[in-house]
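One structure is given here, and the rest of the page talks about it.
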Protein chains: 2
Amino acid sequence: MMNLSIAEENYIKSIYKLEEEGQEAVSTNALAGELDTKPASVTDMAKKLKEKKLIEYEKYQGINLTAEGKKAALSIIRRHRLWECFLVDKLLFSWEEVHELAEELEHVRSEKMTNRLSEFLGNPQIDPHGDPIPDAQGKMGKPRAQTPLHKAKSKRLEVVAVSDKSTALLEFLNAKGIRLGTQIDVIERYEFDNSIELKIRNQPAFTISEQVSKNIMVKPI
Amino acid sequence: MMNLSIAEENYIKSIYKLEEEGQEAVSTNALAGELDTKPASVTDMAKKLKEKKLIEYEKYQGINLTAEGKKAALSIIRRHRLWECFLVDKLLFSWEEVHELAEELEHVRSEKMTNRLSEFLGNPQIDPHGDPIPDAQGKMGKPRAQTPLHKAKSKRLEVVAVSDKSTALLEFLNAKGIRLGTQIDVIERYEFDNSIELKIRNQPAFTISEQVSKNIMVKPI
DNA sequence: AATAAAGTTTAGGTAAATCTAAATAAAAGG
DNA sequence: CCTTTTATTTAGATTTACCTAAACTTTATT
């Protein structure tokens with residue numbers, strides 16, 4: 001596999017993420033937003049990654065990963081998620097602390113180390129935020145059937161993942177007692193602002209904004 | 001503590017190493033050799049590190065770490081050696097494989113993570129090559145009394161550290177059955193090329209070059 | 001002490017990854 | 001369908017960490 005700089009790896013990862021989120025072709029602007037950089041920088045990098053055959057790219061037509069690009073992305077994501085598992089399971093970090101650290105650890109590229117790490121952790125299938133971990137061949141266990149809470153139909157739900165990994169959201173969820181596996185009862189949906197009133201276990205009901213419910217992935221039980 | 005780039009961290013680490021090896025003031029050339037770069041680049045970086053008050057430096061007079069520079073160095077070395085322990089103890093790498101990987105892992109700068117890693121490993125005092133690990137306050141357990149094998153006087157010795165961490169040397173030592181704690185009997189010293197004939201346990205005697213014996217640190221038993 | 005050799009610095013340049021400002025293309029709205 | 005808005009690209013700078021070649025110090029040698 002090609003040797004990618006850290007910057008290149010970050011671009012590949014972000015393109016993969018935006019494709020996953022449903023963008024047919026990833027736009028320069030969207031990518032700049034995701035990477036917190038400027039559109040002009042994205043255009044520059046797009047040319048380079050096209051040169052390396054990691055993306056398909058035509059002026060003004062957006063970006064898509066090639067098969068090789070996808071492979072690279074999955075390898076980076078694998079490393080990222082395994083390190084998150086390590087930080088939570090072994091170093092006892094809580095789930096809101098690990099994303100930033102894993103952003104750095106993921107760039108240490110050694111297949112041998114990655115595979116040993118996986119083994120050491122018991123070959124985990126999902127990371128602390130509920131996301132599936134690609135295997136050594138780059139095959140990603142398809143996520144369990146899941147819907148963002150704001151679109152879920154049932155009243156009884158279980159939290160299976162969180163799509164926003166920002167410290168802010170995860171700390172909020174901690175405070176509310178929401179984690180992976182938590183069972184939620186939807187009490188009321190307010191059309192006005194799309195907020196949702198819900199209840200978990202024996203605690204008093206509380207309300208969350210659409211902003212939050214969009215990022216909680218659930219499945220019915 | 002200041003925010004250092006990876007390049008800056010590597011310079012600091014190398015300066016520390018050369019100072020330890022006895023250089024009163026570290027020369028531009030020596031540092032260029034250590035970092036596998038060119039003297040002109042060292043001069044450039046020296047100016048920057050002086051600006052940041054991490055080194056003392058005057059044109060043509062060589063380089064020394066300031067107190068702050070020393071602190072930074074010890075923090076990097078702590079991370080490096082803890083990761084080496086992790087790789088050997090937990091991921092079951094052998095001692096010749098871990099130096100390069102730790103060179104990358106060491107640049108992930110998080111005190112919290114470093115301290116948790118240390119705890120997770122049982123607060124080890126020495127790394128897989130026998131070098132002491134600085135504690136969270138940057139205090140380095142002074143190495144046990146040790147001499148390079150080529151200067152040792154006694155006939156019965158124990159290996160306490162290896163100063164060259166190159167894969168080549170460590171693989172050679174593996175092949176010969178020399179590791180930390182190994183007991184060595186010196187059979188003969190040949191003045192001609194300063195090679196040493198030695199014997200370990202029940203194995204047949206063999207000879208090592210001065211190049212090798214210089215890098216094996218021993219203590220008498 | 002003069003000169004040669006070795007070590008170090010300066011000057012000027014390059015590549016990667018950014019940026020701003022200006023130019024250009026695509027999309028959206030009347 | 002023409003114009004305005006939005007998105008994207010180009011051009012030209014900047015920063016970091018390098019480099020080479022030439023100039024300059026220091027040290028060693030006659």
Side-chain angles (χ1 to χ4, degrees), chain A residues 2-15 18-19 21-65 69 72-73 76 103-104 106-107 109, chain B residues 2-15 18-19 21-65 69 72-73 76 103-104 106-107 109:
Chain A
M2 204 163 324
N3 234 41
L4 302 183
S5 70
I6 289 177
E8 288 168 335
E9 285 200 342
N10 286 332
Y11 272 87
I12 293 292
K13 197 166 44 126
S14 291
I15 295 165
L18 294 174
E19 278 189 358
E21 286 172 7
Q23 309 234 53
E24 245 326 294
V26 175
S27 76
T28 304
N29 250 4
L31 194 45
E34 181 67 28
L35 285 160
D36 198 24
T37 183
K38 293 290 170 327
S41 310
V42 172
T43 302
D44 284 352
M45 184 60 93
K47 288 175 189 164
K48 207 181 351 160
L49 294 176
K50 183 189 179 178
E51 199 54 45
K52 294 194 175 190
K53 297 193 196 304
L54 293 164
I55 62 171
E56 277 147 29
Y57 166 66
E58 294 304 329
K59 266 189 178 189
Y60 297 105
Q61 307 307 195
I63 294 171
N64 285 106
L65 291 175
I76 302 162
E103 290 281 304
E104 303 198 49
E106 75 189 6
H107 298 296
R109 240 180 291 73
Chain B
M2 203 165 323
N3 234 43
L4 302 182
S5 70
I6 289 177
E8 287 167 337
E9 285 200 341
N10 286 332
Y11 272 86
I12 294 292
K13 197 166 43 123
S14 291
I15 295 165
L18 294 175
E19 280 189 356
E21 286 173 7
Q23 310 235 32
E24 246 326 294
V26 174
S27 75
T28 304
N29 251 5
L31 194 45
E34 181 66 30
L35 285 160
D36 197 24
T37 182
K38 293 289 167 334
S41 310
V42 172
T43 303
D44 284 352
M45 184 60 93
K47 288 175 187 164
K48 206 179 355 157
L49 294 176
K50 184 190 180 176
E51 198 56 44
K52 293 195 176 187
K53 297 194 196 305
L54 293 164
I55 62 171
E56 278 147 28
Y57 166 66
E58 294 303 330
K59 265 189 180 189
Y60 297 104
Q61 307 308 185
I63 295 171
N64 284 106
L65 291 175
I76 302 162
E103 289 281 305
E104 303 197 50
E106 74 190 5
H107 298 297
R109 239 180 291 72

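The structure presented is a predicted model; accordingly, all values stated were derived computationally and were not measured.
Considering only heavy atoms from C-beta on, B:E104 stays 4.5 Å or farther from A:H107 through its side chain. Put simply, the side chain of B:L54 reaches to within 4.5 Å of the side chain of B:L4, judged on heavy atoms. Within the 4.5 Å cutoff, the side chain of B:M2 has no heavy atoms near those of the B:E8 side chain. Using a 4.5 Å heavy-atom threshold, the side chains of B:Y57 and B:T43 count as touching.
Rounding to whole angstrom units, CG of residue B:N10 and P of D:dC18 are separated by 8 Å. Note: CG (A:L31) to P (C:dT18) measures 11 Å, nearest angstrom. Atom CE of B:M45 is separated from atom C1' of D:dC18 by 9 Å (rounded to the nearest Å). When the P atom of C:dT10 is taken as reference, atom NZ of B:K38 falls 19 Å away, rounded to whole Å. Taking atom CD1 of B:I6 as the reference point, atom P of D:dT15 lies 21 Å away to the nearest angstrom. In this structure, A:N29 atom CG and C:dA27 atom C1' are separated by 13 Å, rounded to whole Å. The CG-P distance, from B:D44 to C:dT14, rounds to 16 Å in whole Å. If you take CG of A:N3 and P of C:dA16, they are 13 Å apart, rounded to a whole angstrom.
Of the side-chain N and O atoms in B:K47, none sit less than 4.0 angstrom from OP1 or OP2 of C:dT9. Residue B:T43 has no polar side-chain atom (N or O) positioned under 4.0 Å from OP1 or OP2 of C:dT8. Applying the 4.0 Å criterion to OP1 and OP2 of C:dT24, one finds that A:K59 has every side-chain N and O outside that range. For the pair A:Y11 and C:dT18, the criterion of a side-chain N or O lying under 4.0 Å from OP1 or OP2 is met.
In this structure, the nucleotide among C:dT9, C:dT18, D:dT9 sitting nearest to the side chain of A:Y60 is D:dT9. Distance from the side chain of B:T37 is smallest to D:dC18 among D:dT8, D:dT10, D:dC18. Across D:dC18, C:dT9, C:dT18, the shortest atom-to-atom separation from the side chain of B:T28 is found for C:dT9.
Panel note: side chain B:E19, backbone B:L65; a donor-acceptor pair is recorded below 3.5 Å.
Using a 4.0 Å heavy-atom cutoff across all strands shown, A:A40 reaches at least one base atom of the nucleic acid.
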